[in-house]
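Each chain gets a letter, A, B and so on, in the order the sequences are listed, and its residues count up from 1.
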Amino acid sequence: MTLNQYKPVEETFFHMPTLELARHLLGKLLVKTTSAGTASGFIVETEAYIGPGDRAAHSYNDRRTARTEMMYASPGHTYTYTMHTHCLVNVVSGAAEHPEAVLIRAVEPYEGRELMHLRRNRMKKETELTNGPGKLTKALGIDPTDYGRLLTHPPLLIAEGWEPESFEVITGPRIGIENSGEAKEYPWRFWIGGNPFVSRLRKSK
DNA sequence: CCGCCGATAGTCT
DNA sequence: GACTATCGGCGGT
């Protein structure tokens with residue numbers, strides 16, 4: 001696999017409602033190229049964060065700040081932010097001025113496994129490489145300098161991957177938002193049934 | 001395989 | 001100064 005063999009999605013792919021996009025991103029490839037090489041993985045878990053009314057979203061109550069500014073951009077851009085020491089990556093969704101996004105929570109390694117292995121401090125277990133939002137960004141080499149990129153071309157892109165008919169989509173409550181009132185119950189987490197790279201396989205509450 | 005817990009830094013009040 | 005859309009090590013089973 002070389003970079004020019006990936007088939008990036010069209011920008012119009014991102015023009016669907018956020019909950020649909022969270023579902024349709026499953027199976028797609030997330031691809032990052034740096035001077036060290038190309039690393040990619042199939043998206044196997046996502047979460048939707050939907051606008052000013054979603055208590056779990058950074059855009060809750062229309063909090064428009066320097067950090068959340070990209071959530072208001074047109075769909076298909078990245079919204080990255082740091083959680084403790086980790087960088088998390090979101091796909092901006094919804095029309096411009098509508099602050100919605102889809103968090104990528106886990107991928108299954110495809111190209112550049114050796115590079116991912118090194119970046120992850122030679123992590124022994126294969127499934128531990130990319131089974132969390134902070135883990136996958138480190139493995140793929142995604143960092144805060146990727147804030148605001150358009151995901152239709154290198155160095156960071158979403159490309160065609162698995163056929164949607166080839167896997168089952170499961171939904172459930174989002175992770176790590178215990179302080180978000182009713183919103184913590186919304187089934188806005190999506191993952192591929194039976195995939196070993198999904199974070200928190202058993203504890204899906 | 002599971003759950004607990006401490007580390008760690010960017011952002012906002 | 002108080003939050004986190006987290007991670008990994010450790011100890012018990």
Review point. Which residue pairs satisfy the side chain to side chain donor-acceptor pair (under 3.5 Å) criterion with at least one member in residues 13-22 of chain A, sequence neighbours excluded?
Key: T18(A)-S93(A), T18(A)-E100(A)

Nearest-Å distance for atom pair [atom1]/[atom2], residues [X] and [N]:
X: F190(A); N: dA5(C); atom1: CZ; atom2: C1'; answer: 15 Å
X: K125(A); N: dC7(C); atom1: NZ; atom2: P; answer: 15 Å
X: E47(A); N: dT4(C); atom1: CD; atom2: C1'; answer: 14 Å
X: R55(A); N: dA5(C); atom1: CZ; atom2: P; answer: 12 Å
X: N90(A); N: dT6(C); atom1: CG; atom2: P; answer: 11 Å
X: K135(A); N: dA5(C); atom1: NZ; atom2: C1'; answer: 15 Å
X: N131(A); N: dT6(C); atom1: CG; atom2: C1'; answer: 12 Å
X: I175(A); N: dT4(C); atom1: CD1; atom2: C1'; answer: 15 Å

Practice item. Describe the nucleic acid contact of R105(A) in one word from base, sugar-phosphate, nothing, applying a heavy-atom distance below 4.0 Å. Key: sugar-phosphate

**Study point:** Comparing K138(A) and I177(A) on DNA chain C - which has the more 5′ nearest nucleotide
**Key:**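 Upstream on the strand: I177(A).
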
Point to revise | R120(A) or A56(A), whichever maps to the more 5' nucleotide of DNA chain C | key: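 That would be A56(A).
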
Check your understanding: Restricting to pairs with a member in residues 80-92 of chain A, which pass salt bridge (Lys or Arg N to Asp or Glu O under 4.0 Å), not counting sequence neighbours?
Key ->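 Sorted result for residues 80-92 of chain A: empty, none.
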
Check your understanding: With sequence neighbours left out, which residue pairs that include part of residues 36-51 of chain A fulfil the salt bridge (Lys or Arg N to Asp or Glu O under 4.0 Å) condition?
Key ->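 Found E45(A)-R105(A), E45(A)-R189(A), E47(A)-R105(A).
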
Review point. Taking only residues two or more places apart in sequence or in another chain, which ones pass ring-ring contact (aromatic ring centres under 6.0 Å, His included) with F42(A)?
Key: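 For F42(A), the residues satisfying ring-ring contact (aromatic ring centres under 6.0 Å, His included) (neighbours in sequence not counted) are Y110(A), W162(A).
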
**Study point:** Over all atoms of both residues, closest heavy-atom pair of D54(A) and Y60(A)
**Key:**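 Between these two residues, the closest heavy atoms are O-CB, 3.2 Å.
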
Exercise for review: Measure the CH2-CZ distance between W191(A) and R200(A) for me, rounded to the nearest 0.5 Å.
Suggested key: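 If we round to the nearest 0.5 Å, W191(A):CH2 and R200(A):CZ are 12.0 Å apart.
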
Check your understanding: In B/S/- notation, 5' to 3', how is nucleotides 7-13 of chain B contacted by protein heavy atoms closer than 4.0 Å?
Key -> -BBSSSS

Practice item. Starting at the 5' end of DNA chain B, write a dot or bracket for each base, bracketing those in Watson-Crick or G-U wobble pairs whose two distances are under 3.5 Å and using | for partners on another strand. Key: |||||||.||||.

Review point. For the side chain of T78(A) and the backbone of T80(A), is there at least one donor-acceptor N/O pair under 3.5 Å apart?
Key: no

Practice item. Measure from the side chain of M123(A), starting at C-beta and using heavy atoms only, and say which of dC7(C), dG8(C), dA5(C) lies closest. Key: dG8(C)

Point to revise | Ring geometry between Y186(A) and W188(A) (parallel below 30°, tilted from 30 to 60°, perpendicular above 60°) | key: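 Because their plane-to-plane angle lies in the 30° to 60° range, the rings of W188(A) and Y186(A) count as tilted.
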
Check your understanding: So do the side chains of R174(A) and K184(A) get within less than 4.5 Å of each other, counting heavy atoms only?
Key ->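 No, side chains not in contact.
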
